[in-house]
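Written out below as structure tokens is the structure these notes cover.
The structure displayed is predicted, hence computed values, not measured ones. Starting from 1, each residue takes its place in the sequence as its number.
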Amino acid sequence: QVQLVESGGGLVQAGGSLRLSCAASGRTFSSYAMAWFRQAPGKEREFVAAINRSGVSAYYADSVKGRFTISRDNAKNTVYLQMNSLKPEDTAVYYCAADLFNRVATEVRYYGDWGQGTQVTVSS
């Protein structure tokens, strides 16, 4: 099991940027594929981006492709989500998640460990 703590959320105007961080502790961070999901009020949790163990391969939801970048630093046990050109529809609680089997999946059910979430609010 790995413990995950997100940070970096906040209030930003449309067109602005934020960088989220997710610090991991517990089992070896480099063993896990990592992902970011988000959940807006009244909506299901949705996939945002994922990255494999080594950080070589990354995948994105179509809604964020070209605007968001996922990266990781295995020496710091941290995964990041750089969010640029933010839109009001990006407003949500953002969660990081870990998958020990390195599947780099887009479905919630493949991730066994989750953080508590960090709120991102984009004003128009």
Side-chain angles (χ1 to χ4, degrees):
Q1 188 177 11
V2 63
Q3 290 75 47
L4 305 171
V5 178
E6 302 96 334
S7 61
L11 173 64
V12 63
Q13 288 187 332
S17 298
L18 282 174
R19 188 175 83 152
L20 306 183
S21 299
C22 174
S25 61
R27 296 188 66 171
T28 306
F29 176 70
S30 59
S31 299
Y32 292 81
M34 299 297 296
W36 288 94
F37 288 77
R38 67 187 181 186
Q39 189 166 17
K43 294 187 176 181
E44 293 188 352
R45 195 166 297 189
E46 66 172 2
F47 171 77
V48 175
I51 191 167
N52 70 345
R53 288 169 174 163
S54 65
V56 171
S57 298
Y59 302 90
Y60 298 91
D62 288 343
S63 59
V64 306
K65 202 171 294 183
R67 300 188 297 123
F68 291 10
T69 302
I70 188 171
S71 62
R72 67 189 295 160
D73 186 338
N74 286 343
K76 295 183 177 180
N77 292 347
T78 303
V79 62
Y80 304 97
L81 185 68
Q82 178 67 44
M83 306 186 294
N84 298 329
S85 302
L86 283 161
K87 304 175 181 180
E89 51 263 44
D90 294 318
T91 295
V93 177
Y94 282 70
Y95 299 89
C96 69
D99 172 24
L100 183 59
F101 299 98
N102 199 36
R103 288 167 287 199
V104 203
T106 62
E107 296 90 351
V108 168
R109 61 191 176 100
Y110 289 110
Y111 293 87
D113 297 292
W114 293 82
Q116 83 291 346
T118 186
Q119 176 71 47
V120 172
T121 303
V122 184
S123 63
S124 57

Which heavy-atom pair separates [X] from [Y] by the least distance, and what is that distance?
| X | Y | result |
| --- | --- | --- |
| Ala33 | Asn102 | CB-OD1, 3.4 Å |
| Ala105 | Ala50 | O-CB, 4.3 Å |
| Ala49 | Leu81 | CB-CD1, 4.3 Å |
| Leu86 | Leu18 | CD1-N, 3.9 Å |

Practice task
Provide the full list of ring pair (Phe, Tyr, Trp, His ring centres under 6.0 Å) pairs with a residue in residues 85-113, sequence neighbours left out, each pair given once.
Solution key: Phe37-Tyr111

Problem - Exceeds 12 heavy-atom contacts within 6.0 angstrom, atom CD of Gln116 - result: yes

Judged by atom type as modelled, is there a donor-acceptor pair below 3.5 Å linking the side chain of [X] to the main-chain atoms of [Y]?
| X | Y | answer |
| --- | --- | --- |
| Asn74 | Arg53 | yes |
| Gln13 | Ser123 | no |
| Thr91 | Val122 | yes |
| Gln39 | Ala92 | no |

Practice task
To the nearest 0.5 angstrom, please state how far the OG1 atom of Thr78 sits from the CZ atom of Phe29.
Solution key: 6.5 Å

Using the side chain to side chain donor-acceptor pair (under 3.5 Å) criterion, which residues pair with [X]? Sequence neighbours excluded.
| X | answer |
| --- | --- |
| Arg103 | Asp99 |
| Asn84 | Ser17, Gln82 |
| Thr121 | Gln119 |
| Gln3 | none |

Exercise for the section: Consider only side-chain heavy atoms of I, L, V, M, F, W and Y, link residues closer than 4.5 Å, and tell whether Ile51 and Tyr80 are in one cluster. Expected result: no

Problem - Shared hydrophobic cluster, Leu20 / Tyr59 (ILVMFWY, side-chain heavy atoms < 4.5 Å) - result: no

Exercise for the section: Any disulfide bond (SG atoms under 2.5 Å apart) involving residues 59-124? Give me the pairs, sequence neighbours left out, ordered by first then second residue. Expected result: Cys22-Cys96

Practice task
Could you name each residue pair satisfying disulfide bond (SG atoms under 2.5 Å apart) that touches residues 39-71, not counting sequence neighbours?
Solution key: none

Exercise for the section: Apply salt bridge (Lys or Arg N to Asp or Glu O under 4.0 Å) to Arg38 and list each qualifying residue two or more places apart in sequence or on a separate chain. Expected result: Glu46, Asp90

Handout entry: Check: Trp36 and Met83 side chains under 4.5 Å, non-hydrogen atoms
Key = no

Exercise for the section: Would you indicate whether the side-chain heavy atoms of Asn77 and Ser25 approach each other to under 4.5 Å? Expected result: no

Kindly write out the residues that satisfy side-chain contact (heavy atoms from CB on, under 4.5 Å) with [X], not counting sequence neighbours, or none if the list is empty.
| X | answer |
| --- | --- |
| Lys65 | Tyr60, Asp62 |
| Thr106 | Phe47 |
| Ser85 | Arg67 |
| Ala98 | Val2, Leu4, Tyr32, Met34, Asp113 |

